[in-house]
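These numbers come from a predicted model, not from an experiment.
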Amino acid sequence: MSANFDFRIVDRMQALGTHIQKSQLRYHNKRVLVSKEFTFDAAHHLHAYEGKCKNLHGHTYTVVFGISGFPDEIGLVIDFGDIKQIWKEHIEIYLDHRYLNEMLPPMNTTAENMVVWIFEEMEKQLQSDAYRDRYNGARVEFVRLFETPTSYAETRREWMME
């Protein structure tokens with residue numbers, strides 16, 4: 001039986017229970033990483049640093065999360081909307097359009113320090129009662145924080161466990 005891969009309009013929409021069964025929705029039981037990216041704008045300055053960054057200045061930061069887990073009965077590791085909700089409600093509120101030096105725990109607001117704080121906050125939420133039982137083994141694998149389009153700091157699960 002050969003498949004026809006020419007362009008065509010779908011003859012019929014696949015229907016759950018008729019053309020595919022619920023038991024077929026999860027294709028595998030392998031750990032998979034999903035990624036979600038966000039941006040925020042913030043101001044900061046660095047202490048004990050001799051360079052331009054000792055002065056108050058701002059960045060448009062980009063943060064990239066890598067979250068892994070095992071697919072549920074319909075094949076999802078974690079809903080991208082839930083990652084966004086955690087970001088908005090528990091992390092971004094401390095970062096976006098803020099003076100980072102007064103919003104974050106006492107630290108020098110380097111990208112290297114901030115990326116670890118962001119990792120810890122996302123991991124704390126994934127392990128909370130609201131998400132732990134909902135998503136099978138969901139955990140943060142990495143966080144990458146871009147301070148500029150070409151400069152970033154990253155932390156990974158294995159480094160956080162050292």
Side-chain angles (χ1 to χ4, degrees), residues 22 24-162:
K22 189 166 184 179
Q24 295 175 293
L25 298 179
R26 178 175 51 201
Y27 179 71
H28 63 86
N29 290 312
K30 309 273 189 240
R31 182 173 285 279
V32 174
L33 183 132
V34 297
S35 187
K36 185 104 174 111
E37 181 176 307
F38 302 97
T39 61
F40 64 95
D41 297 294
H44 77 134
H45 66 93
L46 298 182
H47 299 285
Y49 178 80
E50 289 305 317
K52 292 190 307 183
C53 294
K54 74 179 179 181
N55 298 315
L56 181 64
H57 64 286
H59 298 283
T60 297
Y61 291 89
T62 299
V63 61
V64 181
F65 290 98
I67 298 171
S68 77
F70 298 96
D72 63 13
E73 68 278 353
I74 66 166
L76 287 175
V77 167
I78 185 169
D79 191 303
F80 288 115
D82 285 340
I83 299 171
K84 182 178 180 180
Q85 182 176 354
I86 293 169
W87 167 254
K88 290 280 187 194
E89 293 178 6
H90 301 282
I91 303 170
E92 183 189 53
I93 57 174
Y94 295 97
L95 303 173
D96 192 37
H97 286 83
R98 303 290 186 177
Y99 172 45
L100 299 174
N101 297 68
E102 71 179 12
M103 295 303 296
L104 296 176
M107 68 169 78
N108 214 7
T109 54
T110 63
E112 295 90 335
N113 281 336
M114 291 170 54
V115 74
V116 168
W117 180 83
I118 292 168
F119 183 105
E120 290 170 341
E121 292 301 306
M122 178 59 79
E123 183 71 8
K124 180 169 49 175
Q125 292 305 314
L126 290 176
Q127 300 312 314
S128 71
D129 291 341
Y131 296 101
R132 183 182 55 247
D133 296 334
R134 186 169 173 199
Y135 295 115
N136 186 12
R139 65 188 194 194
V140 180
E141 296 296 341
F142 74 86
V143 177
R144 184 174 294 156
L145 178 65
F146 285 85
E147 190 171 90
T148 71
T150 60
S151 304
Y152 69 87
E154 177 173 294
T155 192
R156 299 178 185 175
R157 169 167 285 286
E158 59 266 27
W159 301 340
M160 292 292 287
M161 302 303 139
E162 291 179 347

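Inspection of the Asp82 and Tyr135 side chains reveals an N or O donor paired with an N or O acceptor under 3.5 Å.
No side-chain donor-acceptor contact under 3.5 Å links Ser68 to the backbone of Val32. One N or O on the side chain of Asn108 and one on the backbone of His47 form a donor-acceptor pair closer than 3.5 Å. Judged by distance alone, with hydrogens and angles left aside, the side-chain atoms of Glu147 form no donor-acceptor pair with the main-chain N or O of Thr62 at under 3.5 Å.
Taking each heavy atom of Phe70 and Asn29 in turn, the nearest pair found is CD2-O, 3.4 Å. The shortest non-hydrogen separation linking Lys22 to Ile74 is CE-CG2, 4.3 Å. Nearest heavy-atom pair across Lys88 and Ile93 is O-CG2, 3.2 Å.
With rounding to the nearest 0.5 Å, the separation of CD1 in Ile78 from CG in Asn136 is 11.5 Å. Taken to the nearest 0.5 Å, the CG atom of Leu126 stands 11.5 Å off from the CZ atom of Arg134. Expressed to the nearest 0.5 Å, how far OG1 of Thr39 lies from CG of Asp96 amounts to 7.5 Å. Separating the CZ atom in Arg98 from the CG atom in Leu95 is a distance of 9.0 Å, to the nearest 0.5 Å. Within the model, atoms NZ of Lys124 and OH of Tyr131 stand 14.0 Å from one another, a figure rounded to the nearest 0.5 Å. Summarising the geometry, atom CG belonging to Leu104 is positioned 7.5 Å from atom OG1 belonging to Thr109; distances are rounded to the nearest 0.5 Å.
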Q) Where do Leu56 and Tyr99 land on the side-chain contact (heavy atoms from CB on, under 4.5 Å) test, with the steps shown first? A) CA-CA 9 Å; Leu56 181 64; Tyr99 172 45; 3.8 Å; yes
Q.
Walk me through whether Tyr61 and Leu100 qualify under side-chain contact (heavy atoms from CB on, under 4.5 Å).
A. CA-CA 12 Å; Tyr61 291 89; Leu100 299 174; 3.7 Å; yes
Q) Is there a side-chain contact (heavy atoms from CB on, under 4.5 Å) between Val143 and Met122 once you walk through the steps? A) CA-CA 9 Å; Val143 177; Met122 178 59 79; 5.6 Å; no
Q.
Checking Glu121 against His90 for the side-chain contact (heavy atoms from CB on, under 4.5 Å) test, could you report, in this order, the C-alpha distance in whole Å, the side-chain angles of both residues, the deciding distance, and whether it holds?
A. CA-CA 7 Å; Glu121 292 301 306; His90 301 282; 5.6 Å; no
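Glu154 is linked by a salt bridge (Lys or Arg N to Asp or Glu O under 4.0 Å) to Arg144, Arg156, counting only residues two or more places apart in sequence or in another chain. Every residue meeting the salt bridge (Lys or Arg N to Asp or Glu O under 4.0 Å) condition with Arg139, not counting sequence neighbours, appears here in chain and number order: Glu141.
Annotation: salt bridge (charged side-chain N to carboxylate O under 4.0 Å, His left out) contacts involving residues 38-52, sequence neighbours excluded, comprise Glu50-Lys54.
Ring planes of His59 and His44: tilted class, angle from 30 to 60°. Using the six-membered ring where Trp is involved, Phe38 and Trp87 have ring planes that are parallel, under 30° apart on the 30 and 60° scheme.
Considering only heavy atoms from C-beta on, Val63 stays 4.5 Å or farther from Ile91 through its side chain. No side-chain heavy atom of Tyr152 sits under 4.5 Å from any side-chain heavy atom of Val115. His45 places none of its side-chain heavy atoms less than 4.5 Å from the side chain of Asn55.
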